[in-house]
Participant: 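Sharing a structure with you now.
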Amino acid sequence: MTTIDKTQVGRSVQHQSAELTVWLNNCALPMWTALGADIDKGECYESIDLATQKPLFVARRARVVPRQIYSFLEGAKLGWSGPAEALTKGLYKWFLDAYHSNEGYFISSVDVENRVTDQTFDLYNQAFALFAFAQIAGNVSDLQSDAEEHASDLLNYLTENYRNPHGGFREANPDKLPLCSNPHMHMFEACLAWEAISADPAWRELSDEIAELALNRFIDPVTGGLREFFEMDWSPFSEDLGRVMEPGHQFEWAWLLARWGQSRNDAGALIAARRLYDIAWTYGIDESRGVTFMAMNDDFSVRDPIARLWGQTEWLKAAIALAEISNGPERDAYLSDIPDAANAMRKFFESAPEGLWRDKMSPDGEFEDEPAPASSLYHIVCAISELNRFAAGK
């Protein structure tokens, strides 16, 4: 890459960061405050219809509430002037009141009247609960001790009831298969968030355990690709699902392992992160559409060509993380991917009303006609936050 190319890429990164931050602060966050949430009730909605630009009054999944808590608080750090603290305090109280079970875990969904629609345990939802508590503890001072207590209680509950003797956590009690790497990825993210604000060694210890589980079991030792589904001992799931690898998750794990590897000075984690990125970039991006698609097999053949918005945000985050830990031509290559990933993400905004988005792109490049899911805001905000931070440091 020439000096002129580097300059052009640098300008593109700055330009993308500025435009996306303006769009987030002026369009997306106001939209999801006015239509995607009810500040008086302290609640949020599952999705917004693109045609009517009204919320859909369907069951609200537990995972959406922590994601919105993060999105509003992080948006405030990026310059959004909306009522972030009031929104998140309301959402926090609602989450505890409506989703916290008597047993100690967080149920899966409630309807618009806050009647339970799915009371099952899902490890994925517990990971996001821990993530939300970290956001509250780190950003809302008068709720810090309360959030710390809830996080500690939930972690103790998971340890007592869902620990896997082979590492990590089980999916259910009694057990069910397959086990999944994805909830552990978000548990890893939550632990890293807690590490940044808490001296409690439990978070660092669990971060290390999940990182080692990923490096030694989730990642195939031959190909370097990360699988999704497993047996109880974390060997690959014996049925066809055991072959699934998702490009978006290769990118997302690369982002997380790069962060963890830097903090621990672990060269093996950084090597693994680069390999995950290389796999996703080489085999998981459809050049004709310029986007990363949903799933491939363990031989890297295409399994599901649908492209989803969240996969593009993870590509962007991973490119930034690896550019930051690289030098020379390698760094230049990651740098040149940042505008490509940002453009891939923006494709999902272009045909939607301002502040909303499409979620799924078909193999022919057309978008599915469906509401904008609230759950995507967390992915978008995190990607823009990473881009903003990186651009500001250039």
Side-chain angles (χ1 to χ4, degrees), residues 31-72 87-133 135-136 147 150-151 153-154 157-158 161-162 169-180 182-187 190 228-229 308-310 356-357 359-360 368-379:
M31 173 71 78
W32 288 92
T33 301
L35 299 179
D38 186 326
I39 192 168
D40 294 328
K41 290 183 177 180
E43 300 179 8
C44 62
Y45 299 110
E46 183 72 18
S47 57
I48 295 176
D49 182 76
L50 297 185
T52 65
Q53 295 186 42
K54 293 181 179 180
L56 296 183
F57 299 123
V58 297
R60 282 85 60 89
R61 294 174 297 165
R63 66 194 59 182
V64 171
V65 190
R67 290 179 179 219
Q68 300 303 74
I69 287 173
Y70 163 80
S71 297
F72 294 130
L87 272 168
T88 53
K89 282 185 172 180
L91 291 173
Y92 177 69
K93 182 180 185 301
W94 174 51
F95 186 62
L96 293 174
D97 290 345
Y99 293 87
H100 195 219
S101 71
N102 293 331
E103 289 83 356
Y105 67 90
F106 288 83
I107 63 169
S108 291
S109 65
V110 300
D111 67 13
V112 292
E113 301 296 332
N114 289 321
R115 294 170 298 206
V116 175
T117 54
D118 185 350
Q119 64 182 5
T120 57
F121 172 92
D122 188 329
L123 184 61
Y124 190 97
N125 293 330
Q126 317 316 309
F128 269 104
L130 292 174
F131 182 68
F133 296 150
Q135 305 310 311
I136 293 292
H150 281 294
D153 288 346
L154 179 55
Y157 174 83
L158 294 174
N161 295 279
Y162 288 90
F169 297 92
R170 300 144 65 201
E171 288 292 315
N173 187 2
D175 289 316
K176 71 173 183 179
L177 291 175
L179 300 185
C180 305
N182 191 18
H184 289 79
M185 181 181 71
H186 291 295
M187 189 79 72
E228 298 290 326
F229 302 107
R308 294 193 63 189
L309 168 56
W310 71 263
L356 299 177
W357 42 78
D359 182 50
K360 299 183 186 74
E368 292 191 17
D369 186 12
E370 58 185 344
S375 56
S376 299
L377 184 59
Y378 143 85
H379 289 286

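Being a predicted model, the structure only gives us computed values, none of them experimental.
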Participant: Could you pull out all residues at least two apart from Phe72 that satisfy ring-ring contact (aromatic ring centres under 6.0 Å, His included)?
Facilitator: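 With neighbours one apart ignored, the set is Trp80.
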Participant: Listed by chain and number, what are the salt bridge (Lys or Arg N to Asp or Glu O under 4.0 Å) partners of Asp38, not counting sequence neighbours?
Facilitator: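 Once residues adjacent in sequence are excluded, Asp38 has no partner under the salt bridge (Lys or Arg N to Asp or Glu O under 4.0 Å) criterion.
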Participant: Among Gln68, Arg60, Arg67, which residue meets the side-chain contact (heavy atoms from CB on, under 4.5 Å) test with Val64?
Facilitator: Gln68
Participant: Does Trp310 use its side chain to pair, donor to acceptor, with the backbone of Asp359 at less than 3.5 Å?
Facilitator: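 Not at all, since once roles are kept as given, no pair shorter than 3.5 Å links the two residues.
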Participant: Do Phe95 and His100 have side chains that approach each other closer than 4.5 Å (heavy atoms only, starting at C-beta)?
Facilitator: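 Phe95 does not reach His100 side chain to side chain.
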Participant: Identify the residue among Ser375, Pro55, Pro371 that makes a side-chain contact (heavy atoms from CB on, under 4.5 Å) with Ser47.
Facilitator: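 Of all the options given, the one that passes is Pro371.
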Participant: I'd like to check Glu171 versus Pro183 (side-chain heavy atoms, cut-off strictly below 4.5 Å). Are they in contact?
Facilitator: yes
Participant: How would you list, by chain and number, every residue that makes a side chain to side chain donor-acceptor pair (under 3.5 Å) with Ser101, sequence neighbours excluded?
Facilitator: Glu103
Participant: At what distance, to the nearest 0.5 angstrom, does CZ of Phe131 lie from CD1 of Ile136?
Facilitator: 11.0 Å
Participant: Quick one: does any side-chain atom of Gln53 pair with a main-chain N or O of Ile48 as donor and acceptor, under 3.5 Å?
Facilitator: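 Not at all, since once roles are kept as given, no pair shorter than 3.5 Å links the two residues.
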Participant: Under the ring-ring contact (aromatic ring centres under 6.0 Å, His included) rule, collect the residues that match up with His186, sequence neighbours excluded.
Facilitator: Tyr124, Phe128
Participant: Could you give the distance from NE2 (His184) to CG (Leu179), rounded to the nearest 0.5 Å?
Facilitator: 7.5 Å
Participant: Flag yes if more than 12 heavy atoms outside Glu368 fall under 6.0 Å of its CD atom; otherwise flag no.
Facilitator: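 More than 12 heavy atoms, drawn from other residues, nucleotides or ligands, come within 6.0 Å of this atom.
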Participant: Can you name the closest pair of heavy atoms from Ile107 and Asp118 and give their distance?
Facilitator: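 The pair with the smallest heavy-atom distance is CB-O, 3.7 Å.
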Participant: So Tyr378 and Tyr70, would you call those rings parallel, tilted or perpendicular, with 30° and 60° as cut-offs?
Facilitator: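 Perpendicular, since the angle between the ring planes exceeds 60°.
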Participant: Answer with yes or no after comparing the ring centroid distance for Tyr45 and Trp32 against a 6.0 Å cut-off, counting only values under it.
Facilitator: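 Between Trp32 and Tyr45, which both carry aromatic rings, the centre distance is not below 6.0 Å.
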Participant: With a 3.5 Å distance limit and no angle check, can you tell me whether Asn173 reaches the backbone of Asn161 through a side-chain donor-acceptor pair?
Facilitator: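 Present.
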Participant: In Å and rounded to the nearest 0.5 Å, what is the CG to CE distance from Leu356 to Met31?
Facilitator: 4.0 Å
Participant: Between Pro373 and Trp357, is any pair of side-chain heavy atoms under 4.5 Å apart?
Facilitator: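 When only atoms from C-beta onward are counted, Trp357 and Pro373 do touch, with a gap below 4.5 Å.
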Participant: List the residues meeting ring-ring contact (aromatic ring centres under 6.0 Å, His included) with Phe121, not counting sequence neighbours, and say none if there are none.
Facilitator: Tyr105, Tyr162
Participant: Rounded to the nearest 0.5 Å, what's the gap from CG on Leu35 to CG on Leu56? Could you check?
Facilitator: 11.0 Å
Participant: Salt bridge (charged side-chain N to carboxylate O under 4.0 Å, His left out): which pairs involve residues 44-56, sequence neighbours left out?
Facilitator: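 Sorted pair list: Glu46-Arg61.
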Participant: Looking at Asn125, Asp122, Thr117, Thr120, which one forms a side chain to side chain donor-acceptor pair (under 3.5 Å) with Ser109?
Facilitator: Thr117
Participant: Which atom names give the shortest non-hydrogen contact between Leu154 and Ala129, and what distance separates them?
Facilitator: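 Closest approach of Leu154 to Ala129, heavy atoms only: CD2-CB, 3.7 Å.
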Participant: Taking the side chain as every heavy atom from C-beta outward, state whether Val112 and Glu43 have any atom pair closer than 4.5 Å.
Facilitator: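 Contact flag for Val112/Glu43 side chains = no.
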Participant: Measure the spacing between CD1 of Ile69 and OG1 of Thr88 and express it to the nearest 0.5 Å.
Facilitator: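 Here the interatomic distance stands at 7.0 Å.
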Participant: Measure the spacing between OH of Tyr92 and NE2 of His150 and express it to the nearest 0.5 Å.
Facilitator: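 If I round to the nearest 0.5 Å, the distance is 4.5 Å.
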